[in-house]
Every structure is written in C-alpha cells, then in structure tokens.
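Position 1 is the first residue of the sequence; numbering continues from there.
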Amino acid sequence: MYFFLRNLSFVDVLYISVALPKLMDIILTGNNRVSFTACFTQMYFFAAFACTEIWLLTMMSYDRYAAICFPLHYVLIMKKGKCSLLVAGCWLSGFCNSLFVTIFASRLVFCGSTDIKQIFCDIKTLTKISCGDIYEFQTMILVEALFMGLCPFILILMSYSKILANILGLNSIGQRKKAFSTCTSHLTILLIFYGTLLCMYMIPSSDHSEELDQIFSVLYLAVTPTLNPLIYSLRNTEVKNALCNILHISQKLPKT
C-alpha cells in the first residue's frame with residue numbers, strides 16, 4: 001500500500017506543479033497571455049498526470065482487494081516486482097494516452113476568440129474556442145472518457161463489490177470494522193476525485209457553466225491533491241498519536 005502511496009504523492013506534486021505556478025504568475029504580474037506551445041505543453045502534462053492518477057487509484061483498489069480477500073497470500077500476490085510493473089503501466093498509460101489526446105487537439109482550428117475562460121489550458125476549454133469541425137475531436141473525447149474513466153471505474157467497482165461481499169461474510173463485528181477501516185481512506189479519495197472530475201466534464205453547458213468549471217477545476221487541481229496526504233495520514237495510528245501528543249503539549253503550555 002505504501003508503495004502505491006509514494007507514487008500517488010509524487011503524482012500529486014507534479015499534478016499541482018503543472019498549472020499552479022503559471023496561475024500564480026498571472027495573479028502576480030497580471031500578464032494572462034500564454035503561447036500555444038506553452039498551452040499545449042501544459043495540457044499534455046496535466047492530462048498525463050491526471051490519467052496516471054486514475055490508474056493508480058484503480059491499482060490501489062486491487063491492492064485493497066488482495067489485502068482483504070486474500071490476507072494470507074497478500075505478500076505473494078502483491079510482490080515488489082508485480083507492484084513495480086503495475087505502477088509502470090499506470091505511468092506509461094497516462095503519458096501515451098495524453099500524447100494521443102494532445103495530437104488530436106493540435107489539429108483544432110482557432111480563428112476567432114483565443115480567450116480561455118479557465119485557470120489552465122484544458123481540453124474542454126480549447127473545444128469551446130475552436131471554430132472548425134470538432135465532431136471528430138468530440139468523438140475521440142467520448143472514447144477517451146470511456147477508456148480512461150469508465151473502464152477504471154468498473155474495475156474499482158468490481159474490486160469493492162468483492163471486498164464488500166468478503167466483509168459481510170465475516171462473523172465478528174470487530175473484524176468487519178477493521179477490514180472496512182483499511183478502505184475508508186481510499187474510498188474517500190475516490191469519491192472526491194471522481195466526484196469533481198464528473199462534475200467538471202459531465203455537467204451540461206449552461207449560462208453559469210464557465211464559473212462552475214473554474215470552481216471544480218480548483219477542487220480537483222489543488223484541493224484534492226492537498227487532501228490526499230491528510231486523509232491517508234490521519235488513518236495512520238502513529239500519525240494520530242503524534243498529533244494527539246502535540247495537541248496535549250500545546251494545551252499544557254499556557255498553564256506553565
């Protein structure tokens with residue numbers, strides 16, 4: 001689990017670093033111009049890290065499935081070499097998929113307004129300012145959503161359906177709570193990440209869609225990666241004990 005968490009933390013750092021530095025530069029300098037090369041570079045790396053994170057979360061659900069459903073064989077199932085291959089597959093899938101999307105996006109024609117109503121260069125935003133025929137591009141986006149969104153989601157549902165069946169089959173309530181507690185952090189992150197992502201790309205366009213897109217972008221661009229380490233850390237007994245000790249000391253300091 002910690003092997004996957006290290007990779008998830010690394011992806012989160014890169015994920016934030018793609019868009020926030022440029023956004024901070026715009027806020028500080030007031031220069032909100034970005035070249036096409038920089039825009040497509042930002043879009044490529046953002047899509048790559050987002051896809052990598054989706055597959056990492058999927059692999060982590062498989063890891064929880066192996067740990068709960070086959071606890072005695074967990075070490076044999078999740079060997080270091082196998083985990084390395086799974087993580088390498090996540091990274092390779094993310095970058096190859098992003099390259100495919102970016103090549104398609106580079107074929108879009110921009111002959112009108114080039115104002116991007118978003119805090120970073122996003123595929124959805126580029127589609128809005130394109131003036132050419134975008135039917136082929138929209139079809140590609142739909143296929144991407146099925147492959148990079150629906151397929152991992154189905155795999156996650158399959159893992160957790162078997163986990164739930166295994167937990168309900170336990171006789172002891174204490175064992176059920178212990179088994180379920182190992183999944184709560186991962187489930188929380190899944191709900192936040194997929195929730196904001198679906199709200200961003202699946203909500204139909206409306207008069208306030210641009211404002212909503214910016215809000216949801218901030219959530220999955222900055223808030224979600226920031227919450228990930230907190231959610232997992234607070235599930236760690238040693239971290240909770242250390243936090244309690246710090247709070248206990250801080251309460252005693254005014255009395256002395």
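- Sorted by first and then second residue, the pairs that involve residues 12-27 and meet side chain to side chain donor-acceptor pair (under 3.5 Å), not counting sequence neighbours, are Asp12-Asn228.
- The side chain to side chain contact (heavy atoms under 4.5 Å, CB included) check on Phe36 picks up Phe40, Phe110, Thr114, with sequence neighbours excluded.
- How far CD1 of Ile189 is from CG of Leu8: 6.0 Å, rounded to the nearest 0.5 Å.
- Note: Leu164 CG to Ile167 CD1 = 6.5 Å, rounded to the nearest 0.5 Å.
- Legend: residues meeting side chain to side chain contact (heavy atoms under 4.5 Å, CB included) with Ile154, ordered by chain and number and at least two apart, are Leu150, Met158.
- Val34 and Phe45 are assigned to two separate hydrophobic clusters, defined by single-linkage of ILVMFWY side chains at heavy-atom distances under 4.5 Å.
- Counting non-hydrogen atoms of other residues, nucleotides and ligands closer than 6.0 Å to CZ of Phe104 gives a total above 12.
- In this structure, the separation between CZ on Phe10 and CG on Leu5 is 15.0 Å, given to the nearest 0.5 Å.
- Pairs of residues two or more places apart, or lying in two chains, never qualify as side chain to side chain donor-acceptor pair (under 3.5 Å) while including a residue from residues 148-158.
- Here the side chains of Phe49 and Trp91 are in contact, with some heavy-atom distance below 4.5 Å.
- Not counting sequence neighbours, the partners of Cys121 by the disulfide bond (SG atoms under 2.5 Å apart) test are Cys39.
- Listed by chain and residue number, Trp55 satisfy the side-chain hydrogen bond (donor to acceptor under 3.5 Å, both in side chains) test with Ser93 (two or more places apart in sequence, or in another chain).
- Under the 4.5 Å side-chain heavy-atom criterion for grouping Ile, Leu, Val, Met, Phe, Trp and Tyr, Leu20 is connected to Ile27 within one hydrophobic cluster.
- Closest of all the heavy-atom pairs between Val11 and Leu56 is CG2-CD1, 3.6 Å.
- Under a hydrophobic clustering in which Ile, Leu, Val, Met, Phe, Trp and Tyr are joined whenever their side-chain heavy atoms come within less than 4.5 Å, directly or via other members, Ile26 and Phe46 fall into different clusters.
- Residue pairs meeting the side chain to side chain donor-acceptor pair (under 3.5 Å) criterion with at least one partner in residues 33-44, sequence neighbours excluded, are absent.
- With sequence neighbours left out, Tyr160 forms a ring-ring contact (aromatic ring centres under 6.0 Å, His included) with His186.
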Would you list the atom pairs, donor with acceptor, under 3.5 Å between side chains in residues 58-78 and any protein atom, with sequence neighbours excluded?
residue	atom	partner	partner atom	Å
Thr58	OG1	Ile54	O	2.9
Ser61	OG	Thr58	O	2.5
Tyr62	OH	Lys82	NZ	3.0
Asp63	OD1	Tyr74	OH	2.5

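- Partners of Ser9 under the side chain to side chain contact (heavy atoms under 4.5 Å, CB included) rule, at least two apart in sequence or in another chain, do not exist in this structure.
- Scored by the ring-ring contact (aromatic ring centres under 6.0 Å, His included) test, Phe3 finds no partners at all (sequence neighbours excluded).
- Note on Phe4: it does not cluster hydrophobically with Leu92, by side-chain heavy-atom contacts below 4.5 Å among ILVMFWY residues.
- For residues 97-111, the side chain to side chain donor-acceptor pair (under 3.5 Å) pairs, not counting sequence neighbours, are Asn97-Glu144.
- Cluster annotation: Val13 is not connected to Val18 through the hydrophobic network of ILVMFWY side chains, with a link wherever side-chain heavy atoms come within less than 4.5 Å.
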